[in-house]
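Below is one structure; the comments refer to it alone.
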Amino acid sequence: MSELVAARRARLAALRERGVDPFTATRYDVTAHAADLAAKYADLGEQGRAESETWSLAGRIMAVRGQGGVIFFDLHDRTGRFQLFVRKNDAGEDAFAIAKQIERGDIVGATGFVFRTKAGDLSLYVQSFEVIGKSLQPLPDKWHGLQDKEKRYRRRYVDLTVNPHVRDVMILRSKIISEMRRFIDAQGFFEVETPVLLSIAGGASARPFLTHSNALDIPLKLRIATELYLKRLIVGGMERVYEIGRTFRNEGIDQTHNPEFTMLELYAAFWDVEDMMRFNEELMAHLARTVHGSETFLHGEEVISFATPFRRIGYLEAFKEYGGLEREQLLDPDSALRLLRDYGIPESPTHAHALDKLFERIVEPHLLQPTFVYGYPVVLSPLAKRMKDDPELTQRYELFAAHMELSNAFTELNDPDDQRKRFELQIAERAAGDDEIPPPDWDFVTALEYGMPPTAGIGIGVDRLVMMLTNNASIRDVLLFPLQRPLPENARDEDEEPAPTA
RNA sequence: GCGCCUGUAGCUCAGUCGGUAGAGCAGCGGACUUUUAAUCCGUUGGUCGUGGGUUCGAGUCCCACCGGGCGCACCA
């Protein structure tokens with residue numbers, strides 16, 4: 001045990017000797033928070049004392065400044081910081097001796113009245129206090145906080161304690177998601193939950209995580225999208241459904257990818273992709289206003305404007321504008337594969353893959369302000385309805401901003417025969433080496449055979465949207481617990497080595 | 001998976017040419033009855049990520065491995 005932990009345990013023992021056990025405390029009757037008191041007494045005059053009203057605060061002690069017969073504490077609660085003032089002459093010998101044992105990190109509840117100190121700081125003149133939790137681990141530096149990224153992610157509880165900015169981002173995330181729900185619910189959507197454990201993980205192209213059911217003795221996969229199940233609900237007549245849920249893709253980890261991430265998928269019967277565009281831009285503008293009070297905000301060095309309407313550009317038109325490429329060069333598979341060589345991009349196993357790579361290289365760098373790119377080729381869009389006047393393209397768009405894909409939406413394919421054909425085409429692509437393409441979900445085709453109304457659907461990467469709105473460059477900084485490789489002492493699989501029981 | 005960077009006290013960081021490990025904060029002891037990065041005096045604390053190698057001698061040089069970050073590849 002480290003010396004610092006030993007010192008803290010000694011303080012715990014000292015408290016217990018004085019009849020105070022921080023770990024037996026259960027509840028504390030909190031009547032005020034730091035920010036509330038700061039606002040309420042903002043006008044309190046120089047050295048003023050509001051003795052007629054008493055308040056109870058609780059939180060973690062983040063700084064201790066002892067000065068002989070008085071002690072100042074910085075108490076942090078979820079709203080911010082408030083200073084506590086304890087004076088020996090008022091508290092009495094016994095209570096003051098207990099107060100002297102309180103150290104940085106301890107959890108304290110305090111009751112008293114608000115006054116302004118000589119230095120002008122609002123403080124709580126403590127009339128009584130309780131030590132209701134004890135920190136046995138030393139906290140990081142009070143000035144520099146915790147900088148080490150690895151420790152910040154592995155011990156997020158410490159990061160949250162000492163780096164207030166992290167908590168602010170996570171609170172904003174929470175706010176963004178609840179606003180999202182409010183906005184959607186107001187339009188009559190039902191929030192639903194579809195399975196995470198599946199035999200066929202479809203609805204997107206990605207390698208799934210594999211697991212196993214003991215009860216059924218079958219292999220299972222974690223979902224890579226919620227799409228096919230939400231559309232089954234549209235078939236079932238629910239008309240407007242959405243799910244905000246965790247999705248799992250067994251692929252690379254980098255600044256915009258975590259193996260588990262949160263996606264909003266939403267489906268509306270009787271809408272088409274145009275309706276969805278309007279819904280999408282209104283939602284984005286609403287969230288920007290909620291977070292920033294404005295539709296314009298800073299992302300990195302760039303000013304982004306979520307003011308509606310967003311720019312719209314055709315998929316083929318974008319290639320023409322930014323790369324001078326013609327329709328035939330892209331839609332002909334052999335020609336698209338040749339283009340890869342022209343741009344020095346590694347070979348692709350499929351036409352679809354090649355188009356994605358080309359788009360990423362030629363068009364994406366130009367998409368700073370929010371832009372709907374619509375009319376994706378059907379080879380890229382196995383679940384989208386074709387355009388009426390141009391069956392090689394689909395009624396599908398993706399929304400980009402700050403060079404990131406923020407959403408993907410289309411008028412849903414509801415022709416079961418066409419869907420079957422596209423699945424069959426995917427079988428061929430899978431065989432050709434694109435192992436991210438899932439095997440077909442034939443029951444989904446059966447569902448379409450029962451009849452699905454014309455429907456539009458959308459998927460929004462919630463983490464990326466939060467990154468955008470909170471000006472974070474890394475997905476890890478908007479996730480509370482981003483995936484980290486376990487440390488060696490935790491890496492052992494419990495199933496392999498059952499711990500001996502006493 | 002590949003490349004670059006990185007790992008030194010609880011935290012934030014120094015550590016020169018290879019010569020036997022340092023600061024600030026935290027901690028500990030003391031002073032101080034309005035401080036707020038409190039101050040002042042004194043002081044403890046280190047398998048230098050792990051394992052090898054080179055060397056009279058390695059935090060420092062070399063190799064391998066383990067974390068982490070960034071870039072590339074893959075993907076949303």
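Given the structure is predicted, the values throughout are model-derived calculations rather than measurements. When reading the values below, keep in mind they use all heavy atoms of this one structure, side chains included, and skip hydrogens, waters and symmetry mates.
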Identify which nucleotide among B/rG68, B/rC74, B/rU36 has an atom closest to any side-chain atom of A/Thr117, counting heavy atoms from C-beta outward. B/rU36
Is NZ or CZ of A/Arg155 both nearer than 6.0 Å to the six-membered ring centre of A/Tyr157 and within 45° of the ring axis? no
Presence of A/Arg485 side-chain N/O under 4.0 Å of B/rG67 phosphate oxygens OP1/OP2: yes
So A/Asn258, base contact, sugar-phosphate only, or nothing? Heavy-atom distance under 4.0 Å. base
OP1 or OP2 of B/rA37 versus the side-chain N and O atoms of A/Lys142: is any pair under 4.0 Å? no
May I ask you to evaluate whether A/Arg11 reaches the phosphate of B/rC28, defined as a side-chain N or O under 4.0 Å from OP1 or OP2? yes
Between B/rU34 and A/Gln47, counting only base atoms on the nucleotide and side-chain atoms on the residue, is there a donor-acceptor pair under 3.5 Å? no
How would you label the contact of A/Arg116 with the nucleic acid (heavy atoms, under 4.0 Å): base, sugar-phosphate, or nothing? nothing
By the 4.0 Å heavy-atom rule, please label A/Gly145 as base, sugar-phosphate, or nothing. sugar-phosphate
Consider the side chain of A/Gln255, meaning its heavy atoms from C-beta on, and name the nucleotide among B/rG71, B/rU34, B/rA38 that approaches it most closely. B/rG71
Send over the distance from A/Ile71 CD1 to B/rU39 C1', rounded to a whole Å. 16 Å
Whole-Å C1' distance, B/rU54 and B/rC63: 11 Å
A/Ala119 near the nucleic acid: base, sugar-phosphate alone, or nothing, with a heavy-atom cut-off under 4.0 Å? base
Both atom distances under 3.5 Å, Watson-Crick or G-U wobble: I'd like the secondary structure of RNA chain B as a dot-bracket string, with | for pairs made across strands. (((((((..((((.....[..)))).(((((.......))))).....(((((..]....))))))))))))....
Distance between P atoms of B/rC13 and B/rG1 (Å, rounded): 29 Å
In this structure, are over 12 heavy atoms from other groups packed under 6.0 Å from A/Arg16 atom CZ? yes
Polar contact flag, side-chain donor to acceptor under 3.5 angstrom, A/Thr226-A/Glu265: yes
A/Tyr153 side-chain proximity, nearest of B/rU12, B/rU34, B/rG69: B/rG69
Please determine, for the side chain of A/Lys149, which listed nucleotide (B/rG24, B/rA73, B/rC70) has the closest atom? B/rC70
Using a 5.5 Å cut-off between ring centres and planes within 30 degrees, is A/Phe261 stacked on the base of B/rA76? yes
Closest to the A/Ala63 side chain: B/rC74, B/rU35, B/rA38? B/rA38
Take A/Leu146 and A/Lys88, find for each the nucleotide of RNA chain B with the closest heavy atom, and name the residue whose nucleotide sits nearer the 5' end. A/Leu146
Could you state the atom-to-atom distance from CD of A/Glu436 to P of B/rA73 in whole Å? 15 Å
Side-chain N or O of A/Lys151 less than 4.0 angstrom from OP1 or OP2 on B/rC11? yes
Where the side chain of A/Trp143 is defined as all heavy atoms beyond and including C-beta, which of B/rA37, B/rG67, B/rC32 is the nearest nucleotide? B/rA37
Whole angstroms only, please: what is the CD-P distance between A/Glu3 and B/rA9? 14 Å
From the set B/rU36, B/rA73, B/rC28, return the single nucleotide nearest to any side-chain atom of A/Arg81. B/rU36
Rounding to an integer number of angstrom, what distance separates B/rA14 and B/rA9 when you compare their C1' atoms? 13 Å
Distance test, side-chain N/O of A/Arg8 to OP1/OP2 of B/rG27, below 4.0 Å: no
Taking the side chain of A/Arg154 as heavy atoms from C-beta outward, which of B/rU36, B/rG69, B/rG67 is closest to it? B/rG67
Is there a side-chain polar atom (N or O) of A/Arg65 under 4.0 Å from OP1 or OP2 of B/rU35? no
Grab the two heavy atoms, one from A/Ile313 and one from A/Tyr322, that are nearest each other, plus how far apart they are. CD1-CE1, 4.4 Å
Output field: ring centroids A/Phe85/A/Phe115 closer than 6.0 Å: yes
Starting at CG of A/Asp356 and ending at P of B/rA73, how long is that distance when rounded to a whole Å? 14 Å
If you take atom types as modelled and just measure distance, does the side chain of A/Asn89 reach the base of B/rU33 with a donor-acceptor pair under 3.5 Å? yes
Would you call the rings of A/Phe306 and A/Phe310 parallel, tilted or perpendicular, where under 30° means parallel and over 60° means perpendicular? tilted
B/rU16 and B/rU60, which share atom name P, separated by this distance in whole Å: 11 Å
For the P atoms, the ones on B/rA26 and on B/rC40, what distance do you get once it is rounded to whole angstrom? 11 Å
State, to 0.1 Å, how close A/Ala401 and A/Leu406 come at their nearest heavy-atom pair, and which atoms those are. CB-CD1, 3.9 Å
Interatomic distance where CZ belongs to A/Phe96 and C1' belongs to B/rC32 [whole Å]: 11 Å
Pick base, sugar-phosphate or nothing for A/Gln67, based on heavy-atom distances below 4.0 Å to the nucleic acid. base
Any chance the rings of A/Phe279 and A/Phe183 have centres within less than 6.0 Å? yes
Base, sugar-phosphate, or nothing: which does A/Gly252 touch, judged by heavy atoms less than 4.0 Å apart? base
Sugar-phosphate only, base, or nothing, as touched by A/Phe115 at under 4.0 Å among non-hydrogen atoms: base
Distance-only donor-acceptor test, A/Asp148 side-chain atoms vs B/rC11 base atoms, 3.5 Å: no
Whole-Å gap separating P (B/rA73) and CG (A/Leu340): 13 Å
A/Tyr41/A/Phe82 aromatic ring centres below 6.0 Å: no
Parallel, tilted or perpendicular: which one describes the rings of A/Phe359 and A/Phe400, with boundaries at 30° and 60°? tilted
Quick check with a 6.0 Å cut-off and a 45 degree axis cone: is A/Arg396 positioned over the face of A/Tyr376's six-membered ring? yes
Tell me whether the OP1 or OP2 atom of B/rG69 has a side-chain N or O from A/Arg476 closer than 4.0 Å. yes
Using a heavy-atom cut-off of 4.0 Å across all strands, would you classify A/Leu4 as base, sugar-phosphate, or nothing? base
Nearest-angstrom distance from the residue atom CD of A/Gln147 to C1' of B/rG69: 14 Å
Please give, in whole Å, the distance from B/rG10 C1' to A/Glu150 CD? 16 Å
Would you mind classifying the nucleic acid contact of A/Thr256 as base, sugar-phosphate or nothing, using non-hydrogen atoms under 4.0 angstrom? base
